[in-house]
Student: 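Below: one structure in structure tokens.
Residue indices begin at 1 and follow the sequence shown.
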Amino acid sequence: MREEPVETVYVTYRSNGENFRFDHDYFESVHMPMVRKAWEKYGLVSSTAVYPKGEGDIVVVAVNEFRDQRAAIAAFGSPETEEVMNDIVRYTDLTPSRLRGVSFTY
């Protein structure tokens, strides 16, 4: 039986090179659980916050793994997504960007 590829959506927050606000505690304790609750029923398998260290402008990357592409599309198109997106202003003034990653076999 062939499994469908996992669809990963990376939500990246980059600093604007100036002063910015990012409440890591709120992001971890409120926003990430909200994401999980909103999208699990659509096929979210896991969600992880990654904090790169060192030079560069990336503040945090939220790595959201869905069971497949249809699940990711359903989650981001769901009514719950509006609440998730409206929550962003509560912890940051940065604008997130999304990148799509698809697993494959060699």
Side-chain angles (χ1 to χ4, degrees):
M1 184 167 115
R2 181 179 169 268
E3 288 187 37
E4 292 189 48
V6 172
E7 178 91 355
T8 305
V9 178
Y10 301 92
V11 180
T12 306
Y13 295 84
R14 293 182 177 274
S15 71
N16 53 16
E18 300 173 14
N19 293 331
F20 62 89
R21 177 180 59 84
F22 196 95
D23 184 339
H24 290 83
D25 291 333
Y26 184 94
F27 181 71
E28 292 174 16
S29 65
V30 178
H31 187 74
M32 293 295 282
M34 175 188 294
V35 166
R36 195 170 314 118
K37 181 180 178 191
W39 294 343
E40 272 182 334
K41 62 183 145 205
Y42 297 101
L44 178 68
V45 175
S46 70
S47 196
T48 306
V50 178
Y51 299 100
K53 296 287 184 193
E55 295 189 34
D57 63 348
I58 297 176
V59 177
V60 65
V61 178
V63 181
N64 302 288
E65 291 187 328
F66 293 87
R67 77 172 165 260
D68 56 30
Q69 182 181 19
R70 288 185 308 275
I73 291 169
F76 277 93
S78 72
E80 293 87 351
T81 296
E82 183 177 356
E83 180 184 5
V84 169
M85 297 305 159
N86 288 340
D87 190 54
I88 294 170
V89 298
R90 291 187 177 93
Y91 60 89
T92 191
D93 50 10
L94 299 175
T95 302
S97 60
R98 283 186 247 165
L99 300 169
R100 177 179 170 242
V102 179
S103 64
F104 59 93
T105 57
Y106 295 66

Student: Looking at every heavy atom in both R21 and V89, which two are closest together, and how far apart are they?
Tutor: NH2-O, 2.8 Å
Student: Shortest non-hydrogen contact from H24 to Y51?
Tutor: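 Smallest interatomic distance, heavy atoms only, reads CD2-CE2, 2.9 Å.
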Student: Is it the case that more than 12 heavy atoms not belonging to E28 sit under 6.0 Å from its CD atom?
Tutor: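 Yes, because the 6.0 Å sphere around CD of E28 holds more than 12 heavy atoms from other groups.
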Student: In chain order, what residues pass the side-chain contact (heavy atoms from CB on, under 4.5 Å) check against P96, with sequence neighbours excluded?
Tutor: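 Only V11, Y13, I88 meet the side-chain contact (heavy atoms from CB on, under 4.5 Å) criterion with P96.
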Student: Would V84 end up clustered with F66 when hydrophobic side chains under 4.5 Å apart are linked, directly or stepwise?
Tutor: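 Same cluster: V84 reaches F66 through Ile, Leu, Val, Met, Phe, Trp or Tyr contacts under 4.5 Å.
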Student: Measure the spacing between OH of Y42 and OG1 of T81 and express it to the nearest 0.5 Å.
Tutor: 7.5 Å
Student: Do D57 and S15 pair up side chain to side chain, a donor and an acceptor below 3.5 Å, judged on atom types alone?
Tutor: no
Student: Are V9 and F76 packed together at the side-chain level, in the sense that at least one heavy-atom pair is separated by less than 4.5 angstrom?
Tutor: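 The answer is yes; the side chains approach within 4.5 Å.
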Student: Applying the side-chain contact (heavy atoms from CB on, under 4.5 Å) criterion to N64, which one of T8, V45, V35 satisfies it?
Tutor: V35
Student: Of all the heavy-atom pairs spanning E65 and V6, show the shortest one and how long it is.
Tutor: CB-CG1, 4.1 Å
Student: So which atom in A71 and which in G43 form the shortest heavy-atom distance, rounded to 0.1 Å?
Tutor: CB-CA, 3.8 Å
Student: Indicate the atoms forming the closest heavy-atom contact of Y26 with R90, along with that distance.
Tutor: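 The answer is OH-CD, 3.2 Å.
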Student: Using every non-hydrogen atom in the two residues, find where P33 and F27 come nearest and quote the distance to one decimal.
Tutor: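 Scanning both residues completely, I find the closest heavy atoms to be CD-O, 4.5 Å.
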Student: Give a yes or no on whether N86 atom CG has more than 12 heavy-atom contacts from other residues, nucleotides or ligands under 6.0 Å away.
Tutor: yes
Student: Any heavy-atom pair between the side chains of E80 and K37 that's under 4.5 Å?
Tutor: no
Student: Would you say V63 ends up clustered with M85 if hydrophobic residues are merged whenever their side chains have heavy atoms under 4.5 Å apart, either directly or through other cluster members?
Tutor: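 No, it is not one cluster - the side chains of M85 and V63 are not joined through contacts under 4.5 Å.
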